[in-house]
S.K.: 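Submitted below is the structure of interest, expressed as structure tokens.
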Amino acid sequence: MNDHAPLLPPSADAETRRAAVYLVMSQIPPGKVVSYGELAAMAGLGRAARWVGRLMSQLPDDTTLPWHRVIAAGGRLSLPAGTAAGHEQRVRLRAEGLTIVNDRVDMRRHGWHSTEHSG
DNA sequence: AATGAGGCAAAAC
DNA sequence: CGTTTTGCCTCAT
């Protein structure tokens with residue numbers, strides 16, 4: 001149907017958009033994950049999926065945002081386990097009860113937009 | 001059906 | 001304008 005139009009106008013200050021991303025990110029419930037594209041669209045950034053990823057990279061180490069709940073589309077973990085962030089992401093996600101298999105998680109089960117119609 | 005790998009395009013700083 | 005991005009999608013096995 002209609003695409004998720006940008007909630008924020010392009011005139012919004014960069015800081016405002018950033019806040020939108022942080023806000024949506026903080027809204028991600030535990031045990032669930034969202035893709036960069038979804039997060040970007042939710043924040044009103046449109047298709048700035050990649051930009052969202054970079055934004056996380058800029059996040060401070062003491063950030064309280066659940067950046068580890070943000071993964072690639074389809075529930076794929078883009079962060080390699082060889083990296084500190086990648087390793088921590090897996091550790092945190094597993095701590096939430098997620099089942100990571102082959103760097104992938106069941107988006108239909110842990111995805112924020114879970115199609116969990118059976119419970 | 002699921003997994004692995006590569007190529008392509010958009011948005012923002 | 002040039003650089004950068006933790007991507008998304010499609011194809012092949």
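Order of the sequence lines fixes the chain letters, A, B, ..., with proteins taken first and strands second; residue numbering starts at 1 for each chain. Reckoned from all heavy atoms, side chains included, excluding hydrogens, waters and symmetry mates.
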S.K.: Quick one: which of Val21(A), Leu79(A), Leu39(A) gives a side-chain contact (heavy atoms from CB on, under 4.5 Å) with Met56(A)?
M.R.: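 Going through Val21(A), Leu79(A), Leu39(A) one by one, the side-chain contact (heavy atoms from CB on, under 4.5 Å) with Met56(A) is satisfied by Leu39(A) alone.
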S.K.: Nearest 0.5 Å please: distance from the NE2 atom of His110(A) over to the NZ atom of Lys32(A).
M.R.: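 Rounded to the nearest 0.5 Å, the NE2-NZ separation comes to 10.0 Å.
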S.K.: Flag yes if Val52(A) and Val33(A) sit in one hydrophobic cluster, no otherwise; membership is Ile, Leu, Val, Met, Phe, Trp, Tyr, and two members link when side-chain heavy atoms are under 4.5 Å apart.
M.R.: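 Not linked; separate clusters.
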S.K.: Specify the separation, in whole Å, of atom CD1 of Ile71(A) and atom P of dG7(C).
M.R.: 11 Å
S.K.: Could you give the distance from CD1 (Ile28(A)) to CH2 (Trp67(A)), rounded to the nearest 0.5 Å?
M.R.: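 The CD1 atom of Ile28(A) sits 12.0 Å away from the CH2 atom of Trp67(A).
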S.K.: With respect to the side chain of Arg108(A), which nucleotide from dA12(B), dA2(B), dG7(C) is positioned closest?
M.R.: dA2(B)
S.K.: Distance check: side-chain N/O of Arg47(A) vs OP1/OP2 of dG7(C), anything under 4.0 Å?
M.R.: no
S.K.: Counting only side-chain heavy atoms from C-beta out, which of dC8(C), dG7(C), dT5(C) sits nearest to Arg54(A)?
M.R.: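 Between dC8(C), dG7(C), dT5(C), the one nearest the side chain of Arg54(A) would be dT5(C).
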S.K.: Roughly, in whole Å, what's the span from CD in Gln58(A) to C1' in dT5(C)?
M.R.: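 Nearest whole value for this atom pair: 10 Å.
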S.K.: Given atom CG of Leu55(A) and atom C1' of dT4(C), what is their separation to the nearest angstrom?
M.R.: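 It is 13 Å, rounded to the nearest whole Å.
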S.K.: Working to the nearest 0.5 Å, report the span between CG of Leu59(A) and OH of Tyr22(A).
M.R.: 4.5 Å
S.K.: Measure the CD-CG distance between Gln27(A) and Leu65(A) for me, rounded to the nearest 0.5 Å.
M.R.: 11.0 Å
S.K.: Any carboxylate oxygen within less than 4.0 angstrom of a Lys/Arg side-chain nitrogen, looking at Arg69(A) and Glu96(A)?
M.R.: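 Judged by the 4.0 Å cut-off on N to carboxylate O distance, Arg69(A) and Glu96(A) do form a salt bridge.
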S.K.: Rounded to the nearest Å, what distance is computed from the CE atom of residue Met56(A) to the P atom of nucleotide dA11(B)?
M.R.: 19 Å
S.K.: Is the closest side-chain heavy-atom distance between Ile71(A) and Gln89(A) below 4.5 Å?
M.R.: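 They are in side-chain contact.
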S.K.: Is Ser57(A) near enough to dT5(C) that one of its side-chain N or O atoms lies under 4.0 angstrom from OP1 or OP2?
M.R.: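 The answer is no; no side-chain N or O of Ser57(A) sits under 4.0 Å from OP1 or OP2.
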S.K.: Would you sketch DNA chain C in dot-bracket for me? Only Watson-Crick or G-U wobble pairs with both distances under 3.5 Å count, crossing pairs as [ ], other-strand pairs as |, the rest as dots.
M.R.: .||||.|||||||
S.K.: So which protein nitrogen or oxygen atoms get under 3.5 Å of nucleotides 3-6 of chain B's nitrogens or oxygens?
M.R.:
{"from": "dG4(B)", "atom 1": "OP2", "to": "Arg104(A)", "atom 2": "NH2", "distance (Å)": "3.3"}
{"from": "dA5(B)", "atom 1": "N6", "to": "Arg76(A)", "atom 2": "NH2", "distance (Å)": "3.2"}

S.K.: Separation of Leu79(A) atom CG from dG7(C) atom C1', in whole Å?
M.R.: 12 Å
S.K.: Please tell me if the side chains of Arg94(A) and Leu98(A) come closer than 4.5 Å, counting only heavy atoms from C-beta onward.
M.R.: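 Arg94(A) does not reach Leu98(A) side chain to side chain.
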